[in-house]
Amino acid sequence: MPSAEGAWGGLVNCYAYAMKCSFPGGGQTPVPGRAAGAPVLPYTQPPWPHRPAYWSALIDGIVADGQACGRAVQVISRPTGTALPQPDNPPTHLCNARQYLVAMVVKSDGFHFLRRDSLAGQWTHKNGAQDAPVETYASLADGGRPEPLDDSVVIDLLRTGQGRYRSSFPNFAFAGYLLVPDAGVTVA
């Protein structure tokens, strides 16, 4: 199982955790684009009449945050027009000791991120800020034994929005994969 590195309390939410930023700046809950000076917020200008446009802007904000700290984030898949991408076959062959994979999921009132450890091949995520634990297992909805967040479990979650698992971020939709430098990205 992957171990949670760093201190993940305070303002570290799913975005900061996925970007390996244990000390986000700005004094607010981190959102894509804020470190680059252009936070992507769902209820501010410009209005987001089409959610996929907002979700695509989130990905642009992540890329901008990477650029702001001198690290290139590579977009593997993203919403196109009003269509969301398919989560099939995450590009794990691109993960190595220099970069790791992040999956972004969305719903009408927010976003969530999961990250894949490059070497162990396991996924982890953190729900919310403060002292929320880093999760390495998916709980089954029927109360069965939790399953490690490996590629097959995560693909099932991404395809179904929850499916046979109990989730603290239910009814989400997959919105894209990104490759992030192993050193992470500074967020705010």
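All values reported here derive from a predicted model rather than from experimental measurement. Side-chain atoms are counted along with the backbone in the values below, which use heavy atoms only and exclude waters and symmetry mates.
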What is the minimum heavy-atom distance between A188 and R34, and which atoms define it?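 Heavy-atom minimum between the residues: O-CB, 3.2 Å.
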Where A173 and L84 come nearest, the two heavy atoms and their spacing: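 Looks like CB-CD1, 3.5 Å.
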State which residues pass ring-ring contact (aromatic ring centres under 6.0 Å, His included) with F113; sequence neighbours excluded, sorted by chain then number.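 ring-ring contact (aromatic ring centres under 6.0 Å, His included) check on F113 returns Y15, F111.
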Side chains of [X] and [Y]: do they bring a donor and an acceptor to under 3.5 Å?
| X | Y | result |
| --- | --- | --- |
| D151 | W123 | yes |
| N127 | E135 | yes |
| Y165 | T160 | no |

Test of understanding: with salt bridge (Lys or Arg N to Asp or Glu O under 4.0 Å), list the residues that count as partners of R71, not counting sequence neighbours.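 Scan of R71 (salt bridge (Lys or Arg N to Asp or Glu O under 4.0 Å), adjacent residues dropped) gives none.
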Please identify each residue that fulfils salt bridge (Lys or Arg N to Asp or Glu O under 4.0 Å) with D131, with sequence neighbours left out.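 Per chain and number, D131 pairs via salt bridge (Lys or Arg N to Asp or Glu O under 4.0 Å) with no residue.
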Rounded to the nearest 0.5 Å, how far does CD of E147 lie from CG of D156?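 So the gap between those two atoms works out to 8.5 Å.
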State, yes or no, whether a side-chain contact exists between V73 and V185 at a heavy-atom distance under 4.5 Å.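 Yes, their side chains come closer than 4.5 Å.
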[X] side-chain N/O to [Y] backbone N/O, donor-acceptor pair under 3.5 Å:
| X | Y | result |
| --- | --- | --- |
| N13 | G128 | no |
| D150 | Q122 | no |
| T124 | T136 | no |

Verify same cluster id: V63, V180 (apolar side-chain graph, 4.5 Å):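 The answer is yes; both residues are in one hydrophobic cluster.
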Scan R115, H125, K20 and name whichever one has a side chain to side chain contact (heavy atoms under 4.5 Å, CB included) with V102.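 It is R115, the one option of R115, H125, K20 that forms the side chain to side chain contact (heavy atoms under 4.5 Å, CB included) with V102.
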